[in-house]
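Here the structure is laid out as structure tokens; the discussion comes afterwards.
Residue numbering restarts at 1 for every chain, and letters A, B, ... go by the order of the sequence lines.
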There are 2 protein chains.
Amino acid sequence: MIDRLKGFRDFYPEDMEIRENIFSTMRERARVFGFRPIDYPSLELLEMFRLKSGDEILSQTYSFRDRGDREITLIPEATPSTVRMLVARKDLPRPVRWYNIPKLWRYEEPQSGRTREHVQMNADIFGDDSAVADADIIGLACSILNSLGLESRYEVRINERKIMEYILTESGSRNILSDMAVIDRFHKSDKEEIVSKLSANGMGSENAERMYDFLGRKYKINAIEEGIGEFFNFSDFREKIQRLERTGEILVDNGFRDVVFNPSTVRGLAYYTGIVFEGFDIQGKFRSIFGGGRYDNLSSLFSGIEIPAVGFGMGDAVLENLMRDLDLWKQKSKVRRYYIIGIGDAGNLAAVKMAFSLRDRGIQAVAHTGGKNLSNAMKTASNLNFTHAVMIGSKEIEEKNCTVRDLASGEQKNVNPDDI
Amino acid sequence: MIDRLKGFRDFYPEDMEIRENIFSTMRERARVFGFRPIDYPSLELLEMFRLKSGDEILSQTYSFRDRGDREITLIPEATPSTVRMLVARKDLPRPVRWYNIPKLWRYEEPQSGRTREHVQMNADIFGDDSAVADADIIGLACSILNSLGLESRYEVRINERKIMEYILTESGSRNILSDMAVIDRFHKSDKEEIVSKLSANGMGSENAERMYDFLGRKYKINAIEEGIGEFFNFSDFREKIQRLERTGEILVDNGFRDVVFNPSTVRGLAYYTGIVFEGFDIQGKFRSIFGGGRYDNLSSLFSGIEIPAVGFGMGDAVLENLMRDLDLWKQKSKVRRYYIIGIGDAGNLAAVKMAFSLRDRGIQAVAHTGGKNLSNAMKTASNLNFTHAVMIGSKEIEEKNCTVRDLASGEQKNVNPDDI
């Protein structure tokens with residue numbers, strides 16, 4: 001018997017229907033935030049990803065040479081294709097707000113919340129370098145989570161790469177990128193490791209200790225300056241944090257209250273140039289639910305034209321883990337589903353006709369085809385989770401009538417088929 | 001500059017919004033016909049496709065060895081994965097009605113209506129060998145096309161492999177499968193080629209000539225027996241065509257009138273075991289819009305358990321060609337989209353707040369961020385296809401008011417923000 005590949009997932013209807021609801025919530029929320037859908041190939045030239053992320057990412061891709069000897073890959077992330085599409089169209093009026101919900105592939109050891117194939121919503125704003133754009137991107141992510149019933153079950157940790165670069169430099173760091181990578185692993189490392197690495201990179205042990213304590217903090221949006229001031233005595237923070245405060249305030253003012261400034265949220269990727277953020281469940285049980293930031297240089301890497309950009313990605317796997325954990329992984333409402341059982345030849349004909357006519361009116365209906373035994377037919381209706389069974393025979397046809405049974409309550413009524 | 005791969009497509013919002021409407025129509029129609037969504041990996045073991053289709057398909061796949069040295073492939077078709085999922089779950093109550101709208105990949109020369117990556121809706125019924133199931137499968141395909149505005153713009157050609165096998169055998173064919181393959185190319189070959197091939201396979205030239213004439217015919221559902229009788233003088237057709245007639249009649253009775261019996265519709269694939277069908281635009285301009293049939297043996301090939309099956313596939317590319325040709329490739333309705341322009345600092349704050357509050361109510365809204373010049377802001381609103389611009393400044397805030405301009409008509413009104 002043929003099996004599926006390790007690290008890949010099948011989705012049966014009981015889960016897929018919930019997934020479809022999630023995707024449709026994502027689409028609906030994206031729409032109201034002014035985002036429009038795009039799509040791009042699942043296969044792209046490997047070179048594009050090498051250009052953005054260097055060779056490191058290549059060890060984790062499903063890449064191969066095609067019959068034309070091109071080095072191609074299943075896309076491991078969404079941003080490069082999005083930016084490729086953006087710079088290919090110089091006529092597009094800006095700002096551009098785009099989203100997509102593609103499948104992405106990474107060849108890595110499967111673990112909870114990480115699969116080799118996953119679906120990830122991506123949303124980006126191009127050509128708008130305002131704090132409002134930053135807030136809209138985070139606001140969209142939050143709005144999706146709230147619509148899924150996750151309000152107050154998550155927090156958004158925000159930071160600004162420029163603030164961290166400034167603090168690192170002033171603290172004596174001689175290698176900002178490498179220190180960012182150390183900070184990025186804050187929650188996966190112990191104190192000793194972090195302090196010794198930061199210290200060795202130029203900071204010295206006293207500053208590294210102070211930095212370690214600072215990294216563990218979270219501050220409310222209106223307390224960022226004060227918070228940083230507890231640790232560092234630099235002069236001109238006001239200006240540096242203003243923009244981040246503005247973004248945070250917009251979010252808090254508009255109902256997304258669980259936003260905190262968190263110095264250890266830096267997102268290792270070198271390509272971020274401004275705000276960075278990650279959403280986590282408040283219990284801290286899972287990996288990040290979503291993450292993103294501002295990356296103003298990628299389009300210039302691809303095309304020589306600089307276009308400000310901010311975006312996020314939200315994968316399906318952590319979202320599912322969290323929703324299951326909170327008992328939110330279920331269908332919202334039970335839609336009526338009719339199983340139509342014909343009795344006798346005339347009844348069978350009428351049952352099929354009724355099914356087609358209910359469908360025309362947008363109602364789910366299936367005609368029974370499995371033989372004459374009525375109690376077997378009723379059993380099939382229940383097994384298949386229909387909410388109602390409808391019985392129709394020659395007598396009912398004559399009387400323009402049918403019997404509708406609510407399969408949950410067992411209640412039975414005679415109704416005109418047009419009134420279903 | 002990095003380009004996309006040949007034979008692959010990017011979709012910008014103007015097209016993607018129409019595609020999303022199509023996919024959502026497919027999902028909605030599938031739902032009312034009692035089909036539930038599933039999904040499976042885009043990568044599978046190559047062996048599964050070899051098992052179903054033999055080595056021929058392998059020359060057209062994107063297949064490669066992964067890091068674990070497994071021979072894997074991007075899925076070139078949907079049915080094998082669907083059947084793999086079916087036979088893996090013995091607990092599923094039947095009949096099972098499933099659909100999916102996956103991406104599929106084939107390495108072949110790109111041409112009109114054929115791309116190397118396409119999206120294809122697939123729907124199948126398992127465990128139901130009735131004529132009603134056949135009709136429901138075709139009915140779903142037709143119902144989707146009708147919902148997309150294509151009613152009476154297409155015809156469905158149906159046939160039954162068993163009827164054709166019978167006619168071929170009685171006409172002297174010594175190789176049914178090879179003759180089916182000849183017939184499958186009826187519209188791509190000339191008369192001489194077909195007659196000579198059929199003739200050489202055992203039929204002799206007289207029968208082959210007669211067969212050629214027969215293959216070009218189309219008969220209404222109630223005239224199949226009579227039609228075949230014009231050409232062949234076999235005794236027991238009544239019984240052979242009854243089931244096909246029943247399926248056709250259900251379709252015609254329920255409003256899908258453009259269904260014809262067409263002997264040249266055989267679908268070359270060896271794995272079909274009963275009804276086969278294809279949908280074509282009535283002008284005959286394009287490849288088939290959808291196609292499918294009954295394949296009762298595939299599950300037994302995969303698992304040893306025989307489960308009756310009937311299904312169809314409907315690709316995105318021909319559908320788009322046809323809809324463009326008929327001027328149906330456009331957004332159905334213009335949804336209201338608000339661009340909120342703040343005047344002054346207080347106005348800007350209020351504009352952002354109004355955008356978030358409209359979104360909460362399911363209305364699309366974006367706050368302007370591109371500077372103070374009002375006429376530039378209005379230009380941006382128009383360029384981005386917003387339907388309405390909203391202006392709000394300190395005066396309006398005080399008066400609980402804002403100015404809404406219809407960007408199409410230029411009409412302007414003062415309204416309470418809550419009344420938008």
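- For B/Leu43, the parts sitting under 4.5 Å from any heavy atom of chain A are the backbone and the side chain alike.
- For the set A/Lys6, A/Arg27, A/Arg116, the entry with the most heavy-atom pairs within less than 4.5 Å of chain B is A/Arg27.
- The most heavy-atom pairs under 4.5 Å with chain A, out of B/Leu51, B/Thr380, B/Ile72, come from B/Ile72.
- A/Lys353 places a side-chain N or O within 3.5 Å of a backbone atom of B/Asp253 that can act as its donor or acceptor partner.
- Heavy atoms closer than 4.5 Å to chain A are found in the side chain of B/Arg70, but not in its backbone.
- The two residues A/Trp98 and B/Pro13 make their nearest non-hydrogen contact at NE1-CG, 3.2 Å.
- Checked for salt-bridge contact, A/Arg9 and B/Asp39 miss the test: no charged N lies under 4.0 Å from a carboxylate O.
- The minimum heavy-atom distance linking B/Ser130 with A/Thr369 is given by the pair OG-CG2, 3.4 Å.
- Neither the backbone nor the side chain of B/Phe23 comes within contact range of chain A, judged by heavy atoms closer than 4.5 Å.
- Comparing B/Arg19, B/Glu249, B/Glu14 by how many heavy-atom pairs each has under 4.5 Å with chain A, the most go to B/Glu14.
- Across A/Leu92, A/Val352, A/Asn348, the residue that shares the most heavy-atom pairs under 4.5 angstrom with chain B is A/Val352.
- The minimum heavy-atom distance between B/Gly34 and A/Gln364, with the atom names listed, is CA-OE1, 3.5 Å.
- Looking at every heavy atom in both residues, A/Gly362 comes nearest to B/Glu28 through CA-OE2, 4.2 Å.
- Looking at heavy atoms from C-beta onward, B/Val335 lies in side-chain contact with A/Arg31 at the 4.5 angstrom threshold.
- In this structure, chain A has a heavy atom under 4.5 Å from the side chain of B/Arg246, while its backbone stays farther away.
- Between chain A and the options B/Asn146, B/Leu349, B/Asp128, heavy-atom pairs under 4.5 Å are most frequent for B/Asp128.
- Checked by atom type and distance alone, the side chain of B/Arg67 pairs as donor or acceptor with a backbone atom of A/Ser59 at under 3.5 Å.
- Atom-to-atom distance recorded for B/Asp66:CG and A/Tyr107:OH is 4.5 Å, nearest 0.5 angstrom.
- Here B/Tyr40 contributes atom OH and A/Asp10 contributes atom CG; the two are 10.0 Å apart, rounded to the nearest 0.5 Å.
- Contacts of B/Thr61 with chain A are made by both backbone and side-chain atoms, with heavy-atom separations under 4.5 Å.
- Heavy-atom pairs under 4.5 Å with chain A peak, among B/Asp129, B/Val132, B/Ile363, at B/Ile363.
- Contact annotation for B/Tyr12: both backbone and side-chain heavy atoms come within less than 4.5 Å of a heavy atom of chain A.
- The most heavy-atom pairs under 4.5 Å with chain A, out of B/Leu384, B/Leu74, B/Asp15, B/Asn385, come from B/Leu384.
- Side-chain atoms of A/Glu117 come within 3.5 Å of backbone N or O of B/Ser42 as a donor-acceptor pair.
- Interface remark: B/Arg65 contributes no atoms to any contact with chain A (heavy atom separation under 4.5 Å).
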Salt bridge (Lys or Arg N to Asp or Glu O under 4.0 Å) assessment of B/Arg4 paired with A/Glu44: CA-CA 6 Å; B/Arg4 69 169 180 276; A/Glu44 297 264 15; over 6 Å; no
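- The aromatic ring centres of A/Phe33 and B/Phe356 sit less than 6.0 Å apart.
- Between chain A and the residues B/Arg97, B/Arg337, B/Glu47, the largest count of heavy-atom pairs under 4.5 Å involves B/Arg97.
- At a 4.5 Å heavy-atom cutoff, the contact between B/Phe64 and chain A is made by side-chain atoms alone.
- In terms of heavy-atom proximity, A/Leu45 sits nearest to B/Asp3 at CD1-O, 3.7 Å.
- The part of A/Glu20 that comes within reach of chain B is its side chain, from C-beta onward, which places non-hydrogen atoms under 4.5 angstrom from that chain.
- For the set A/Pro80, A/Pro95, A/Ser24, the count of heavy-atom pairs under 4.5 angstrom toward chain B peaks at A/Pro95.
- Ranked by heavy-atom pairs under 4.5 Å with chain B, the list A/Met85, A/Met48, A/Glu17 is led by A/Met85.
- Side-chain atoms of B/Arg29 come within 3.5 Å of backbone atoms of A/Arg359 as a donor-acceptor pair (strictly under, hydrogens ignored).
- Using modelled atom types, no side-chain atom of B/Lys103 and backbone atom of A/Pro41 make a donor-acceptor pair closer than 3.5 Å.
- Heavy atoms of A/Arg94 lying under 4.5 Å from chain B belong exclusively to its backbone.
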